[in-house]
Undergrad: 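Dropping the structure in here first, questions after.
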Amino acid sequence: MAYIMEKYACFGGASTNFAGSRESLARQGAIGHRGRMSVSLFGHVVRFGFDRVGVVVDPLLIRMLRRHHFPAARLLAAAEASYGDADLFRSGLPPAQARRFDRLLGRKAYQAARDACVASEAATEAWRDIMVSGVAGDPAQAEMERRRAATRRLATATALLTALGRRDLPLVQWGMQPPAEHWPPGAADFSAPDDFMTVDAGPVYREGVLYRQWLYAPAETGLLGDRAWARASWPAEGPVIGACVVGSGVGVEWDIYVRPRSDYDFSATFAGHGIAAIELVSPGHGLRRAVGRYGGESFFEGAPVSVGALLAAQVRESARWIAWARRRFERPVGIFGVSMSSFAAQLALTHAISWPATARPDAGFLLAHSGDLPGVVSGPLARALGIPAAFEAHGWDDAALAPWRSALGPGRAAAVPGARILSVIGRHDAVTPYRDGLAIAELWGLPPENCFRWPHGHFGLPMRLGLDDRPFARFAKVLAGA
């Protein structure tokens, strides 16, 4: 289920970029002029039709997330955290699910989930041996085996939900604290790490028309055992005109899904324009997900404190990836963020003015972005998760949230000129409200040619971007001139 959602951009962070992927192949001489023309005509037709129905995408997908994805993911996380103790897993279930668990189907679904969790961890350890420890092996094969095992683990969540039912299931394991004593917004550290040049790299391997290389570095979360990860991808043939650090939306675990084609992702789209992509793994997602949590859960389980802490970590880690990309490619480096990661990108663009020059981004690309945290946590996705109700139960009113709005919002000035920042927002987006994206573009003085406004909501926007890579082409032009 999670893989299917990622494939169709359901968390606002993935891209199935038909135009971009075909252009990537065209750059390698795989298709000719006539093929590109037909793709362009097809793209125009599909875009026209999708623009007519774009407004209905968000309500449908939010309903699917609330009814299927979140309860299924929470069940799988609980099964993982039981470490094979069926009675422990059962004790944490609501009464209705506990009764269904006692049936044969419930027990079998639990055992299948546990077996898949063990197999996924084993495949990940074998992958780490090759990428980090230098054990001999095929990096591309290890990567695919790790992703396949992780995808099979995710698939067992649907079987668990089918066997146990969704009634009364929690969507989030809350760890929210009252606003009296917590990590204060004034303590948010958005500076570049002292050791920002410390980045290690695994072996380079080829995947289709791209070279890939996994990077790892000290994590800025302060969590025991955590490690910062990113994957660098660049064209196997042709020049590299620049690089871009790429962050995805909350819940999008791009690093663990199996994709049917390797060029259906942001890295291939960027590479199609000669840009190397350094795709970071956000804290609490994929390779960095804690046992007993599903991807993205740690971001909002203790909101707004957890939101601030994880965004600060991602911002600081971005300085590492920018500095590495500048050393590796000796070209301008931008920063790209979708939804949740657009907050991190905006904070990086705000605070990088005090960073060392080698860690400072040269350009920015914001997709489905907003600078208003209260607006986001009161939106339809937050309501589906139950965040406003949890806030009310723990005393988080507008006055308590006000300092967080200031701390996690964009500054009045960016570290780069507005002419080097792109904004892509949807007019029907209520998850990251459209009006707030407009306000940032105006605040930072973005020129009209850098602003794309489409008739879509939050989740339809990345799909629309997958059918129209004009923003990528514009960003390539901006980055090349930085």
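This is a predicted model, so every value here is computed, not measured.
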Undergrad: Give a yes or no on whether a salt bridge exists between Arg147 and Asp255, defined as a side-chain N under 4.0 angstrom from a carboxylate O.
TA: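 Not counted as a salt bridge, because no side-chain N and carboxylate O are separated by less than 4.0 Å.
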Undergrad: Could you give the distance from OG (Ser341) to CG (Leu367), rounded to the nearest 0.5 Å?
TA: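 Going from the OG atom of Ser341 to the CG atom of Leu367 covers 10.5 Å.
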Undergrad: So Phe70 and Phe300, would you call those rings parallel, tilted or perpendicular, with 30° and 60° as cut-offs?
TA: perpendicular
Undergrad: Among Arg231, Arg146, Glu253, Arg227, which one satisfies side chain to side chain contact (heavy atoms under 4.5 Å, CB included) with Leu287?
TA: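 When side chain to side chain contact (heavy atoms under 4.5 Å, CB included) is applied between Leu287 and each of Arg231, Arg146, Glu253, Arg227, only Arg146 qualifies.
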Undergrad: Apply side-chain contact (heavy atoms from CB on, under 4.5 Å) to His369 and Ser423, showing your working.
TA: CA-CA 8 Å; His369 64 103; Ser423 166; 2.7 Å; yes
Undergrad: Among Glu80, Glu297, Glu121, which residue meets the salt bridge (Lys or Arg N to Asp or Glu O under 4.0 Å) test with Arg289?
TA: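 Of the listed residues Glu80, Glu297, Glu121, the salt bridge (Lys or Arg N to Asp or Glu O under 4.0 Å) partner of Arg289 is Glu80.
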Undergrad: Check whether NZ of the Lys or CZ of the Arg Arg206 lies under 6.0 Å from the centre of the six-membered ring of Tyr211 and within 45 degrees of that ring's axis.
TA: yes
Undergrad: Mark yes or no for whether His273, through its side chain, and Ala271, through its backbone, hold a donor-acceptor pair below 3.5 Å.
TA: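 Checked: no pair found.
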Undergrad: Please report the interatomic distance CG(Leu280) to OG(Ser248), rounded to the nearest 0.5 Å.
TA: 7.5 Å
Undergrad: Do Pro193 and Arg320 come close enough that some side-chain heavy atom pair is under 4.5 Å?
TA: yes
Undergrad: Sequence neighbours excluded, which residues qualify as ring-ring contact (aromatic ring centres under 6.0 Å, His included) partners of Phe89?
TA: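 If we apply the ring-ring contact (aromatic ring centres under 6.0 Å, His included) test to Phe89, skipping adjacent residues, the hits are Phe101, Tyr110.
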Undergrad: So, taking the atom named CD in Gln314 and the one named CH2 in Trp321, what distance separates them when rounded to the nearest 0.5 Å?
TA: 11.0 Å
Undergrad: Do Asp429 and His458 get their side chains close enough for a donor-acceptor pair, meaning under 3.5 Å?
TA: yes
Undergrad: Quick one: sort the Phe391 and Trp396 rings into parallel, tilted or perpendicular, breaks at 30° and 60°.
TA: tilted
Undergrad: Can you tell if the side chain of Leu422 reaches within under 4.5 Å of the side chain of Leu366, non-hydrogen atoms only?
TA: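 The answer is no, as the side chains (C-beta and beyond) never meet within the 4.5 Å cut-off.
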Undergrad: Given side chains that start at C-beta, do those of Tyr434 and His428 come closer than 4.5 Å, heavy atoms only?
TA: no
Undergrad: Rounded to the nearest 0.5 Å, how far apart are CZ of Arg166 and CG of Leu171?
TA: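 These two atoms lie 10.5 Å from each other.
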Undergrad: Taking the six-membered ring for Trp and the full ring for Phe, Tyr or His, determine whether the centres of Phe472 and Phe365 are under 6.0 Å apart.
TA: yes
Undergrad: How would you list, by chain and number, every residue that makes a ring-ring contact (aromatic ring centres under 6.0 Å, His included) with Tyr216, sequence neighbours excluded?
TA: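 Only Trp229 meet the ring-ring contact (aromatic ring centres under 6.0 Å, His included) criterion with Tyr216.
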Undergrad: If only atom types and distance count, is the side chain of His394 paired as donor or acceptor with the main-chain N or O of Pro179 below 3.5 Å?
TA: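 Not confirmed, His394 side chain does not pair with Pro179 backbone.
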Undergrad: Going by distance alone, is a donor N or O of one side chain under 3.5 Å from an acceptor N or O of the other, for Glu143 and Trp214?
TA: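 Looking only at side-chain atoms, Trp214 and Glu143 do form a donor-acceptor pair, the distance falling under 3.5 Å.
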Undergrad: For Arg63, I'd like to know if atom CZ has over 12 heavy atoms of other residues, nucleotides or ligands within 6.0 Å.
TA: no
Undergrad: Measure from NZ or CZ of Arg412 to the centre of the six-membered ring of Trp444, then state whether that distance is under 6.0 Å and the direction lies within 45° of the axis.
TA: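 No, Arg412 does not lie over the aromatic ring of Trp444.
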Undergrad: Nearest 0.5 Å, what's the CZ-CG distance between Arg405 and Leu401?
TA: 10.0 Å
Undergrad: Does Asp362 use its side chain to pair, donor to acceptor, with the backbone of Pro332 at less than 3.5 Å?
TA: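 Between the backbone of Pro332 and the side chain of Asp362 there is no qualifying donor-acceptor contact (under 3.5 Å).
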Undergrad: Whether the Arg74 and Gln173 side chains hold a donor-acceptor pair (N or O, under 3.5 Å, no angle test) is what I'd like checked.
TA: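 The answer is yes; a qualifying pair exists.
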Undergrad: Go through the steps to decide whether Phe270 and Phe475 satisfy the test side-chain contact (heavy atoms from CB on, under 4.5 Å), and finish with yes or no.
TA: CA-CA 9 Å; Phe270 277 113; Phe475 184 68; 3.9 Å; yes
Undergrad: Per the salt bridge (charged side-chain N to carboxylate O under 4.0 Å, His left out) rule, what does the pair list look like for residues 301-319, sequence neighbours excluded?
TA: Asp189-Arg316, Glu220-Arg316, Arg288-Glu317, Arg293-Glu301
Undergrad: Phe452 vs Leu465, test: side-chain contact (heavy atoms from CB on, under 4.5 Å). Steps then yes/no.
TA: CA-CA 10 Å; Phe452 296 83; Leu465 186 63; over 6 Å; no
Undergrad: Distance to the ring centre below 6.0 angstrom and angle to the axis at most 45 degrees; does that hold for Arg360 and Trp355?
TA: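 Ring-cation test returns no.
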Undergrad: Below 4.0 angstrom, N of the basic side chain to O of the carboxylate: do Arg148 and Glu145 qualify?
TA: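 Salt bridge flag = no for Glu145 with Arg148.
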